Amino acid sequence: CITINALKFSEVHFRKDCRCSNCIQRTLTKAFWGLIFKYSQALSTKAKFCPWLIPFKESFLELCQKINRPGVVELCTWLEESDFYTAPASTRYHSAYEGGLVAHSVTVYKELKRLLEVYPGIAAKVTEESLIIIALFHDLCKVNMYTKEVKYRKDEQGKWETYDAY
């Protein structure tokens with residue numbers, strides 16, 4: 001099985017004695033997000049909306065289709081007109097890159113699903129629809145909150161350069 005130190009995604013160890021598919025799936029997911037995090041940090045100030053974020057938007061919209069409550073269509077329309085799909089989830093911490101808010105929301109959903117598998121007693125009390133609403137919309141307060149501005153920093157040669165930041 002593959003195990004990963006939660007604090008250092010670069011430490012990957014292979015153990016042949018464990019064949020647990022659940023363990024492998026979780027650790028591969030952690031490894032994937034660790035690589036995405038490193039990649040996104042490198043792109044965060046230089047890239048436009050990244051093509052690799054498209055699956056997050058698609059997953060988000062697919063999950064929204066499972067919500068059977070009044071106003072969900074209007075909410076999704078409003079999100080489409082807002083910066084929800086291009087905004088960062090934060091400016092310095094988790095998912096601090098363009099498109100990070102939608103990526104973070106979908107990731108929270110996947111993590112909640114995983115946690116409910118671990119705690120079936122709680123899972124019996126939570127509907128799938130509630131889980132989707134909790135995960136996908138927990139950061140709606142961040143929509144249209146961040147603005148881009150030009151900042152300055154020194155490059156590797158010590159010369160000043162401009163970059164976009166939130």
Side-chain angles (χ1 to χ4, degrees), residues 1-41 44 49-146:
C1 136
I2 302 170
T3 58
I4 295 174
N5 181 320
L7 299 176
K8 297 180 183 177
F9 287 109
S10 59
E11 290 185 23
V12 179
H13 305 280
F14 296 94
R15 289 191 333 212
K16 295 180 181 177
D17 58 331
C18 182
R19 301 274 186 226
C20 171
S21 63
N22 193 24
C23 180
I24 291 171
Q25 180 181 3
R26 271 187 303 210
T27 53
L28 286 176
T29 301
K30 286 181 183 179
F32 172 76
W33 286 112
L35 293 173
I36 290 297
F37 177 76
K38 287 179 184 178
Y39 178 71
S40 67
Q41 292 303 312
S44 64
F49 185 76
C50 299
W52 60 267
L53 287 169
I54 292 171
F56 291 107
K57 182 177 180 180
E58 291 171 353
S59 295
F60 182 90
L61 293 172
E62 286 174 18
L63 289 166
C64 285
Q65 290 176 358
K66 297 179 180 180
I67 300 172
N68 295 313
R69 296 195 186 186
V72 72
V73 173
E74 292 82 2
L75 178 59
C76 288
T77 301
W78 177 74
L79 289 175
E80 192 70 44
E81 296 167 355
S82 74
D83 68 349
F84 180 77
Y85 298 109
T86 57
S90 71
T91 57
R92 289 195 236 166
Y93 304 105
H94 66 285
S95 305
Y97 50 86
E98 191 157 343
L101 187 53
V102 67
H104 169 67
S105 298
V106 171
T107 303
V108 168
Y109 169 77
K110 291 178 180 179
E111 182 61 15
L112 284 176
K113 287 288 283 184
R114 186 193 69 76
L115 286 171
L116 289 179
E117 289 174 10
V118 175
Y119 300 102
I122 297 172
K125 299 175 185 177
V126 180
T127 66
E128 177 71 10
E129 184 180 57
S130 292
L131 183 69
I132 293 169
I133 291 168
I134 291 165
L136 297 188
F137 303 134
H138 77 279
D139 271 345
L140 281 184
C141 61
K142 295 180 180 180
V143 172
N144 297 325
M145 183 173 138
Y146 300 114

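Sequential numbering from 1 along the given sequence is applied to the chain's residues. Source: prediction; values computed, not measured.
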Legend entry - Side-chain donor/acceptor of Ser105 to backbone N/O of Leu101, under 3.5 Å: yes
Legend entry - Ser82 side-chain N/O to Leu79 backbone N/O, donor-acceptor pair under 3.5 Å: yes
Legend entry - Minimum heavy-atom distance between Ala89 and His104, given as atom pair plus value: CB-CB, 3.8 Å
Inset, instruction - Indicate the atoms forming the closest heavy-atom contact of Phe137 with Cys64, along with that distance. - result: CZ-SG, 3.9 Å
Legend entry - Distance in Å, Ile132 CD1 paired with Thr127 OG1, rounded so as to fall on 0.5 Å steps: 8.5 Å
Inset, instruction - Enter the distance from Glu62:CD to Lys57:NZ here, rounded to the nearest 0.5 Å. - result: 13.0 Å
Inset, instruction - Answer yes when Glu128 and Lys113 have at least one side-chain N-carboxylate O distance shorter than 4.0 Å, and no when they do not. - result: yes
Legend entry - Electrostatic pair Glu117-Arg114, nearest N-O below 4.0 angstrom: no
Inset, instruction - Could I get the full list of ring pair (Phe, Tyr, Trp, His ring centres under 6.0 Å) partners for Phe84, not counting sequence neighbours? - result: Phe60
Inset, instruction - Report yes if the side chains of Trp78 and Val143 come closer than 4.5 Å at any heavy-atom pair, otherwise no. - result: yes
Inset, instruction - Using the side-chain contact (heavy atoms from CB on, under 4.5 Å) rule, take Leu61 and Tyr85 through it: C-alpha gap first, then chi angles, then the decisive distance, then the call. - result: CA-CA 11 Å; Leu61 293 172; Tyr85 298 109; 3.4 Å; yes
Inset, instruction - Write out all pairs satisfying side chain to side chain donor-acceptor pair (under 3.5 Å) with one or both partners inside residues 64-76, taking only residues at least two apart or from two chains. - result: Arg69-Glu129
Inset, instruction - Take Phe56 and Thr107 through the side-chain contact (heavy atoms from CB on, under 4.5 Å) test and state the conclusion after the steps. - result: CA-CA 9 Å; Phe56 291 107; Thr107 303; 4.2 Å; yes
